[in-house]
*Asks:* 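Dropping the structure in here first, questions after.
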There are 2 protein chains.
Amino acid sequence: MNTQSRATLADVARLAGVSSKTVSRVFAGAGNVSPETRERVLGAAKRLRFRPNNLARSLRRGGVSNTVAFVIGDLRNPFYFHVAAGIERELAESGLTMVLATTDDTPESEEIVVDALLAQRVRALLLIPVADDQSYLDGERQLGTPVISVDRPARNLLADSVVLQNRQGMADAVRSLTALGHRKIGFVSNPSAMYTLRERLAGYREALREVGVMDTARWERVDDDPAVSAEQAVRALLDQADPPTAIVGGNNRASAGAVRVLRDREPAVAFIGFDDFELADALGISVVAYDTMELGRTAARLALERLADPSEFTKQLEIPTRLIHRGSGEIPPPR
Amino acid sequence: MNTQSRATLADVARLAGVSSKTVSRVFAGAGNVSPETRERVLGAAKRLRFRPNNLARSLRRGGVSNTVAFVIGDLRNPFYFHVAAGIERELAESGLTMVLATTDDTPESEEIVVDALLAQRVRALLLIPVADDQSYLDGERQLGTPVISVDRPARNLLADSVVLQNRQGMADAVRSLTALGHRKIGFVSNPSAMYTLRERLAGYREALREVGVMDTARWERVDDDPAVSAEQAVRALLDQADPPTAIVGGNNRASAGAVRVLRDREPAVAFIGFDDFELADALGISVVAYDTMELGRTAARLALERLADPSEFTKQLEIPTRLIHRGSGEIPPPR
DNA sequence: ACACGATAAGACAGCGCTGACATTTGTGGT
DNA sequence: ACCACAAATGTCAGCGCTGTCTTATCGTGT
């Protein structure tokens with residue numbers, strides 16, 4: 001068992017016969033070190049297995065690390081992961097690393113988790129807001145930490161945000177169905193973030209209003225009870241008297257449920273989901289798609305921009321969506 | 001624009017009229033602070049929006065942070081994400097946070113990325129090895145940083161590891177096919193990690209050898225060229241003269257490809273995939289499944305154990321797999 | 001031979017925090 | 001009144017690094 005402890009700048013300096021500042025210069029990349037000295041230092045460092053301590057460096061440099069935090073509700077949703085992937089990519093290009101934390105989708109733990117991250121002096125904070133109120137972040141924001149809210153706008157906090165084109169995306173989907181003649185269109189959404197759900201629902205209603213369908217209450221199946229599966233919701237919708245001839249899904253879970261139920265339904269019910277998913281193409285499921293990784297990249301870019309210029313106005317960006325026709329959304333109503 | 005800078009222990013101490021050490025005690029949770037003093041300190045801290053600087057704390061405490069690094073090849077593979085989710089969960093319970101970094105599945109960047117993480121003094125390093133050689137980590141390991149290799153064993157490095165029961169899982173799948181009478185069984189795998197692929201292939205061969213099929217070369221479709229999609233590989237397999245009556249998939253990508261090709265194939269070809277996936281149940285695809293999150297949790301637990309007792313022998317753990325019958329794997333050979 | 005600027009290297013303090021140790025204050029026993 | 005002892009608080013140095021400033025060294029033009 002090797003008990004030698006970690007080498008420091010000073011150790012390297014001693015071995016190389018120079019001052020610790022010189023070693024620092026070598027590793028910080030700053031100039032004014034002669035080639036021979038540099039060689040000697042690097043040799044010594046290698047021999048001692050020296051690795052600069054970023055903690056100390058960060059502290060010295062003013063107490064900020066080079067990590068950016070991303071706070072997620074639930075890690076099991078593939079959506080979040082793709083966003084995280086986008087963030088990670090974009091940050092890596094600027095030499096920053098991402099730390100990931102989850103709040104288990106419970107509002108109470110949000111502040112606790114965020115606090116722990118801020119204590120680590122993250123450079124910026126990206127989060128998918130879960131709590132009803134992010135005003136607790138205002139102090140931090142004023143101290144210069146960029147706060148970017150992702151997928152949903154923050155509440156009671158002036159922060160940059162990136163969200164999807166929820167309303168228009170959903171409206172487009174519904175319009176494409178009404179154009180085929182559908183009028184009885186169901187809306188299914190499993191418990192989903194209030195914000196995105198509300199927006200998509202608004203888009204749905206808007207598009208139906210355009211063709212004169214005003215009362216959509218009986219077609220809306222929005223269960224906020226997590227115990228009710230998307231599958232059950234779809235079934236319930238279809239089992240009522242005078243069932244819808246088409247259904248739109250409010251999120252990716254709804255799509256999974258719909259696929260299970262609608263596969264061998266007769267007469268065929270048209271379906272358009274929100275959020276693309278693996279095999280959707282093979283299954284011929286039409287969806288409102290968008291670039292999930294781009295959502296993350298954009299969020300990361302916003303953070304970087306604000307880091308570069310803290311005085312800019314806050315921005316609210318939208319990631320475009322587009323309707324992909326694959327068959328399930330092109331089924332006409334039975335006549 | 002508020003230009004006030006971040007408050008420090010000393011600032012709080014001044015405002016509360018105590019020494020900075022007392023403030024430190026309040027925030028470090030250590031005892032021996034009278035209730036009144038504590039109140040006064042907390043009040044002052046609140047007023048100044050004080051947040052302890054974990055960087056400084058970590059440095060002072062011996063230079064290790066409370067983060068654990070997880071190094072992934074490619075973030076887009078859902079498999080990795082579930083593993084990450086498991087790790088995050090397990091670590092959170094011990095108050096540690098996870099930093100995620102990717103190597104883009106290129107061996108060269110592995111060492112660079114790992115180095116950057118180690119410079120941040122992560123408490124432990126979990127990684128999915130990509131490079132052929134992890135001996136560069138030996139020094140670090142000797143300095144006491146637990147190194148856990150996930151999903152594949154590390155090469156040239158004495159490290160704990162958690163892998164799947166690859167060989168047996170695949171052998172079970174093939175045995176279940178041979179029991180139905182299949183003898184011409186194809187093996188498809190997209191470029192996959194060499195290790196898991198090799199193991200699964202070995203399991204496949206082993207099970208076929210048990211029923212007297214010795215030469216399996218013509219049924220093995222292992223393209224290491226990423227340009228060849230799993231879909232093409234499956235097609236190529238079926239288009240040859242005397243095609244297989246059943247196929248096993250070597251990884252999740254192979255399953256996606258197989259589903260696309262096999263859906264309306266006549267006569268039906270049996271299929272069993274490795275790795276469960278969303279909708280596999282709805283589609284009736286039999287798979288060799290395992291608990292992906294558990295893989296992550298186990299890895300994290302290993303790290304925690306080693307942190308607690310560095311002198312223990314290294315462990316090699318296996319996550320069990322189990323065959324799930326859903327129909328596609330129960331199709332008998334045509335007669 | 002001399003002054004002069006450029007280059008290389010070092011001395012020193014201090015980032016924010018906490019461990020080790022010192023000091024003050026309060027309590028109870030005799 | 002005195003001492004022993006615990007609880008509450010303070011002093012000080014230093015974790016590993018780098019910014020600022022200072023000092024030594026060298027080549028160059030006149």
Side-chain angles (χ1 to χ4, degrees), chain A residues 4-42 44-45 48-66 116 118-123 143-145, chain B residues 4-42 44-45 48-66 116 118-123 143-145:
Chain A
Q4 87 193 29
S5 70
R6 229 170 269 279
T8 70
L9 269 191
D11 298 328
V12 177
R14 212 169 304 123
L15 182 59
V18 297
S19 79
S20 61
K21 177 71 229 207
T22 301
V23 182
S24 164
R25 274 193 267 258
V26 170
F27 280 91
N32 289 4
V33 179
S34 74
E36 308 91 72
T37 312
R38 152 171 275 108
E39 277 314 303
R40 208 141 38 85
V41 168
L42 288 177
L48 294 175
R49 291 204 186 107
F50 170 72
R51 209 184 292 281
N53 186 333
N54 238 325
L55 249 43
R57 179 182 292 192
S58 292
L59 178 61
R60 185 61 234 266
R61 288 245 183 99
V64 287
S65 65
N66 46 37
L118 292 176
Q120 313 220 34
R121 292 295 189 270
V122 292
R123 275 271 188 83
L143 288 175
T145 307
Chain B
Q4 87 194 30
S5 68
R6 229 169 268 278
T8 70
L9 268 191
D11 298 328
V12 177
R14 212 170 303 124
L15 182 59
V18 297
S19 79
S20 60
K21 178 70 229 212
T22 300
V23 182
S24 163
R25 275 193 266 257
V26 170
F27 280 90
N32 288 4
V33 179
S34 74
E36 309 91 71
T37 313
R38 155 173 271 108
E39 278 314 302
R40 206 140 38 85
V41 167
L42 288 176
L48 294 176
R49 290 203 186 106
F50 170 72
R51 209 185 292 281
N53 187 333
N54 238 325
L55 251 42
R57 178 181 293 191
S58 294
L59 177 61
R60 187 58 235 267
R61 289 245 185 97
V64 287
S65 64
N66 47 36
L118 291 176
Q120 312 220 34
R121 292 296 186 270
V122 291
R123 274 271 188 84
L143 288 174
T145 308

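A note on names: the letters A, B, ... follow the listed sequences, proteins ahead of strands, and every chain is numbered from 1.
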*Asks:* Please work out if A:Thr8 contacts a base, only the sugar-phosphate, or nothing of the nucleic acid, heavy-atom cut-off 4.0 Å.
*Replies:*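 Here A:Thr8 touches the backbone only, sparing every base.
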
*Asks:* Quickly work out the B:Arg51 CZ to C:dC15 P distance and round it to whole Å.
*Replies:*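 Taking atom P of C:dC15 as the reference, CZ of B:Arg51 is at 21 Å.
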
*Asks:* If I take atom CD from residue B:Gln120 and atom CZ from residue A:Arg51, how far apart are they, to the nearest 0.5 angstrom?
*Replies:*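 Reported value, rounded in 0.5 Å steps: 12.0 Å.
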
*Asks:* Among C:dG10, C:dG19, C:dG16, which nucleotide has an atom closest to any side-chain atom of B:Leu59?
*Replies:*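 For the B:Leu59 side chain, the nearest candidate turns out to be C:dG16.
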
*Asks:* Which listed nucleotide (D:dG19, D:dG16, C:dG19) is nearest to the side chain of A:Ala56?
*Replies:*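 Comparing D:dG19, D:dG16, C:dG19 against the side chain of A:Ala56, the answer is D:dG16.
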
*Asks:* Just how far, in rounded Å, is P of C:dA8 from CD of A:Glu39?
*Replies:*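 Nearest whole value for this atom pair: 15 Å.
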
*Asks:* Examine the base of C:dA9 for any acceptor or donor lying under 3.5 Å from a partner atom in the side chain of A:Arg25, and report the outcome as yes or no.
*Replies:*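 Yes, a donor-acceptor pair under 3.5 Å.
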
*Asks:* So which nucleotide from D:dT11, C:dC17, D:dG19 ends up closest to the side chain of A:Arg60?
*Replies:*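 Taking heavy atoms from C-beta onward, the closest nucleotide is D:dG19.
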
*Asks:* With B:Leu42, which of B:Val12, B:Thr37, B:Val23, B:Val26 fulfils side-chain contact (heavy atoms from CB on, under 4.5 Å)?
*Replies:*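 Single pass found, and it is B:Val26.
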
*Asks:* For the side chain of A:Pro52, starting at C-beta, report the closest nucleotide among C:dC17, D:dG16, D:dC17.
*Replies:*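 Looking only at side-chain atoms, A:Pro52 lies closest to D:dC17.
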
*Asks:* Tell me: CG of B:Asn54 to P of C:dC17, nearest whole Å?
*Replies:*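 Interatomic distance, CG of B:Asn54 to P of C:dC17: 10 Å.
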
*Asks:* Can you check the B:Lys21 NZ to C:dG16 C1' distance for me, whole Å?
*Replies:*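 Those two atoms, NZ and C1', are 13 Å apart.
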
*Asks:* Just to be sure I understand the rule, does B:Ser34 reach a base, reach only the sugar-phosphate, or reach nothing, if contact means heavy atoms closer than 4.0 Å?
*Replies:*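 Sugar-phosphate: the residue B:Ser34, judged by heavy atoms under 4.0 Å, touches backbone atoms but no base.
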
*Asks:* Taking the minimum atom-to-atom distance to the side chain of B:Val33, which one of D:dT18, D:dT9, D:dG10 wins?
*Replies:*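 Out of D:dT18, D:dT9, D:dG10, the nucleotide with an atom closest to B:Val33's side chain is D:dT9.
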
*Asks:* Side chain of B:Asn32, heavy atoms from C-beta onward: which of D:dA8, C:dG10, D:dG16 has the nearest atom to it?
*Replies:*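 The closest nucleotide is D:dA8.
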
*Asks:* Could you tell me whether A:Ser58 contacts a base, only the sugar-phosphate backbone, or nothing, with contacts defined as non-hydrogen atoms closer than 4.0 Å?
*Replies:*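 It contacts nothing in the nucleic acid.
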
*Asks:* For a quick check, tell me whether the side chain of A:Arg6 and the base of D:dG16 share a donor-acceptor pair closer than 3.5 Å.
*Replies:*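 Answer no: no donor N or O sits under 3.5 Å from an acceptor.
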
*Asks:* Measuring from B:Asn54:CG to B:Asn66:CG, what's the distance to the nearest 0.5 Å?
*Replies:*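 B:Asn54 CG to B:Asn66 CG: 5.0 Å, rounded to 0.5 Å.
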
*Asks:* Quick one: CD on A:Glu36 to OG on A:Ser34, what's the gap to the nearest 0.5 Å?
*Replies:*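 That separation rounds to 4.0 Å.
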
*Asks:* Rounded to whole Å, how long is the line connecting atom CZ of A:Phe50 with atom C1' of D:dC17?
*Replies:*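 One finds 9 Å between C1' of D:dC17 and CZ of A:Phe50, rounded.
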
*Asks:* Select one nucleotide: of C:dG16, C:dC17, D:dC17, the one nearest the side-chain heavy atoms of A:Arg57.
*Replies:*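 Shortest atom-to-atom distance from the side chain points to D:dC17.
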
*Asks:* When all nucleic acid strands are considered with a 4.0 Å heavy-atom cut-off, which category describes A:Asn53: base, sugar-phosphate, or nothing?
*Replies:*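 It contacts sugar-phosphate atoms only.
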
*Asks:* Roughly, in whole Å, what's the span from CZ in A:Arg14 to P in C:dA11?
*Replies:*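 Taking CZ of A:Arg14 and P of C:dA11, I get 13 Å after rounding.
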
*Asks:* Once side-chain hydrogen bond (donor to acceptor under 3.5 Å, both in side chains) is applied, do any residues pair with A:Arg123, and if so which ones, sequence neighbours excluded?
*Replies:*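 None.
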
*Asks:* When the distance from CG of A:Leu9 to C1' of D:dG19 is rounded to whole Å, what number comes out?
*Replies:*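 One finds 14 Å between C1' of D:dG19 and CG of A:Leu9, rounded.
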
*Asks:* How long is the line joining CD of A:Glu36 and P of C:dT7, in whole Å?
*Replies:*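 Computing the A:Glu36:CD to C:dT7:P distance gives 16 Å.
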
*Asks:* Please enumerate all residues that pass salt bridge (charged side-chain N to carboxylate O under 4.0 Å, His left out) together with B:Arg121, with sequence neighbours excluded.
*Replies:*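 Partners of B:Arg121 under the salt bridge (charged side-chain N to carboxylate O under 4.0 Å, His left out) test: none.
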
*Asks:* Counting only side-chain nitrogens and oxygens, does B:Thr22 get under 4.0 Å of the OP1 or OP2 atom of D:dG10?
*Replies:*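 The answer is yes; a side-chain N or O of B:Thr22 sits under 4.0 Å from OP1 or OP2.
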
*Asks:* Would you mind telling me which residue lines up with the more 5' stretch of DNA chain D, B:Pro35 or B:Arg61, judged by nearest nucleotide?
*Replies:*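 Upstream on the strand: B:Pro35.
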
